[in-house]
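Residue numbers count from 1 along this sequence.
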Amino acid sequence: MQGYLKFKEKDEELYEIDRTEISSNNWFAHTYLRFVVKVKKWFDMLTVKEIYSGLIFILPILSNEKKRQKHLKKCISKIKKLMKKYQISQMVLAEELQQDETFMEGFQNNRKVERKVHILDGKKLITYLIKEIVEYISNKQGRTLELEDVHVLVKQDNLQYRENITFLASYFKTLNIVTPSLKNYQKLAKQLEEKQDIILTVTNNRKKSLKRAKWVINFDLSAEEIKKYTINRMATIIYLTKEGIYEESGFEGLHICKAGIDVSQEVKDFFEKQNLLNQCPITVLYESTIQCQKSFKQVKEQMRKDQVKIEKLYGRRGLLSEKEYQERKDIY
């Protein structure tokens, strides 16, 4: 199950029932609810509410509480117990909590939580947004998506990777697969040529395959594995995982490590109603709506309906500036 951990924004969030269901004349009920709020504050008790396909855990304190650290310290063990009770497998944390080193140190104490619970950071979305990222950068540099040559670095052979590559092959001038798993991807290339008349090149020449590559998509190679390849020093590299960053000192291209998105007003309204939008980036919140059991095609269809679009891109050192795109505009 999925969890969301946030600060309270108002006392009413700590009520166990919907306040609108109680008559304004019911003095006893309103007095009781206010008493419950005070008890939760005194004993640092979290409120649990259902949302979408998960649960929201609401801290009984404001983000700017004077004794925030003291209260958070007392809440950590309660949070872990609730996560265990409800079998939380992944968690969205309020941004201020993620940036609070003291809290995160206690939250991930002995790595027990980190090992069992995946903390969402929006990174997963990049897997489904490769085409949109290339288009976003190409537009900034005055180029056309359909004329781009793209190289994919991939090791494992699985259904999601094959679906992703098949999807991408329809949008670019050429799609080149660079892989140590030659037989598997040669088979895919043959299938695409026979069924869809799409031509893919499949190779694993470490010295020549990426020497002139303009776009490199690293699906799953580690940092050590990617260093074995000679990569164009001005290439744009898109990373689908946190690992596998190209570390060569002479590299002057772009690293794309994460995408920031915007979505439809309907999606934002949903999270706003839960008082999550002010505390968690929409990119992370939207990532939480993508269910693992969905196929690549199903996720892309969901993104289309939700009007997902790229708003910004992040490199190794944070948000990429317009200058960084323009500096590489006339290289190719």
Side-chain angles (χ1 to χ4, degrees), residues 91-105 107-108 114 118-143 148 150-154 178 210-263 279-288 308-332:
M91 179 75 86
V92 174
L93 298 181
E95 195 165 22
E96 283 199 45
L97 289 174
Q98 287 234 46
Q99 295 173 355
D100 189 321
E101 293 182 7
T102 303
F103 170 79
M104 291 303 293
E105 184 179 349
F107 184 66
Q108 296 180 326
E114 189 178 24
H118 174 55
I119 299 173
L120 301 186
D121 58 5
K123 174 65 180 175
K124 180 181 178 182
L125 293 183
I126 207 168
T127 298
Y128 305 98
L129 294 171
I130 298 170
K131 175 250 180 184
E132 288 78 5
I133 290 170
V134 175
E135 186 172 32
Y136 178 84
I137 298 174
S138 295
N139 287 340
K140 286 183 174 294
Q141 298 177 339
R143 298 201 298 268
E148 302 291 5
V150 173
H151 292 72
V152 170
L153 259 177
V154 60
V178 183
L210 303 173
K211 191 174 183 180
R212 297 181 181 278
K214 176 174 163 185
W215 300 95
V216 178
I217 319 299
N218 183 21
F219 272 55
D220 61 358
L221 270 66
S222 67
E224 287 303 312
E225 289 169 327
I226 197 173
K227 282 176 66 176
K228 295 176 182 178
Y229 292 85
T230 300
I231 298 180
N232 179 359
R233 68 182 183 87
M234 300 305 295
T236 295
I237 307 178
I238 302 173
Y239 302 95
L240 270 59
T241 65
K242 296 178 182 179
E243 295 76 32
I245 304 296
Y246 189 58
E247 300 284 0
E248 290 300 308
S249 58
F251 183 74
E252 299 179 37
L254 287 176
H255 294 283
I256 309 298
C257 301
K258 184 179 174 182
I261 65 166
D262 193 16
V263 295
Q279 296 190 37
C280 308
I282 189 61
T283 301
V284 180
L285 290 172
Y286 189 77
E287 181 185 21
S288 73
V308 174
K309 65 176 182 178
I310 304 290
E311 284 282 291
K312 49 196 171 184
L313 295 174
Y314 297 85
R316 293 177 64 193
R317 298 177 180 83
L319 182 66
L320 293 172
S321 66
E322 287 296 323
K323 181 181 178 182
E324 290 178 275
Y325 298 119
Q326 297 306 317
E327 284 177 342
R328 295 156 180 85
K329 179 178 179 180
D330 301 318
I331 289 170
Y332 302 98

Rounded to the nearest 0.5 Å, what separation is found between the [atom1] atom of [X] and the [atom2] atom of [Y]?
| X | Y | atom1 | atom2 | value |
| --- | --- | --- | --- | --- |
| L254 | T236 | CG | OG1 | 4.5 Å |
| D262 | K312 | CG | NZ | 9.5 Å |
| I237 | I245 | CD1 | CD1 | 8.5 Å |
| K323 | Q326 | NZ | CD | 12.0 Å |
| Q279 | L93 | CD | CG | 11.0 Å |
| I310 | N139 | CD1 | CG | 11.5 Å |

Report task. Please examine the side chains of Y229 and L221, heavy atoms only from C-beta on, and report whether any two atoms are closer than 4.5 Å. Result ->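 SC-SC contact between L221 and Y229 confirmed.
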Minimum heavy-atom separation for [X] to [Y], with atom names?
| X | Y | value |
| --- | --- | --- |
| I133 | A259 | CD1-CB, 4.4 Å |
| A235 | V216 | CB-CG2, 4.3 Å |
| S288 | V92 | CB-CG2, 3.8 Å |
| L97 | M104 | O-CG, 3.4 Å |
| I261 | E311 | C-CG, 3.7 Å |
| L125 | T283 | CD1-O, 3.5 Å |

Determine yes or no for a side-chain-to-main-chain donor-acceptor pair under 3.5 angstrom, with [X] supplying the side chain and [Y] the backbone.
| X | Y | answer |
| --- | --- | --- |
| N218 | G244 | yes |
| Y286 | P281 | no |
| E324 | S321 | yes |

Requested in this report: Please indicate whether K140 has more than 12 foreign heavy atoms, meaning atoms of other residues, nucleotides or ligands, lying under 6.0 Å from its NZ.
Outcome: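 Yes, because the 6.0 Å sphere around NZ of K140 holds more than 12 heavy atoms from other groups.
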Requested in this report: Flag yes if more than 12 heavy atoms outside E101 fall under 6.0 Å of its CD atom; otherwise flag no.
Outcome: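 No, the 6.0 Å shell around CD holds no more than 12 heavy atoms from other groups.
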Query raised in the report: Step by step, would you call Y325 with L313 a side chain to side chain contact (heavy atoms under 4.5 Å, CB included)?
Result: CA-CA 10 Å; Y325 298 119; L313 295 174; 3.4 Å; yes
Query raised in the report: Step by step, would you call F219 with I130 a side chain to side chain contact (heavy atoms under 4.5 Å, CB included)?
Result: CA-CA 11 Å; F219 272 55; I130 298 170; 4.2 Å; yes
Query raised in the report: Can K214 and E148 be counted as an ion pair, charged N to O under 4.0 angstrom?
Result: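 E148 and K214: salt-bridged.
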Query - With sequence neighbours excluded, residues passing side-chain hydrogen bond (donor to acceptor under 3.5 Å, both in side chains) with E225 - result: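 Partners of E225 under the side-chain hydrogen bond (donor to acceptor under 3.5 Å, both in side chains) test: K155, S222.
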Query raised in the report: Of all residues at least two apart in sequence or in a different chain, which pass the side-chain hydrogen bond (donor to acceptor under 3.5 Å, both in side chains) check with E132?
Result: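 E132 satisfies side-chain hydrogen bond (donor to acceptor under 3.5 Å, both in side chains) with K300 only.
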Requested in this report: Run the numbers on D220 and V154 for side chain to side chain contact (heavy atoms under 4.5 Å, CB included), then give the verdict.
Outcome: CA-CA 6 Å; D220 61 358; V154 60; 4.1 Å; yes
Requested in this report: Using the ring pair (Phe, Tyr, Trp, His ring centres under 6.0 Å) rule, collect all pairs that involve residues 230-249, keeping only residues at least two apart or in two chains.
Outcome: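 Sorted result for residues 230-249: Y239-H255, Y246-F251.
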**Report entry** Working for salt bridge (charged side-chain N to carboxylate O under 4.0 Å, His left out), residues D121 and K258
**Finding:** CA-CA 9 Å; D121 58 5; K258 184 179 174 182; 5.8 Å; no
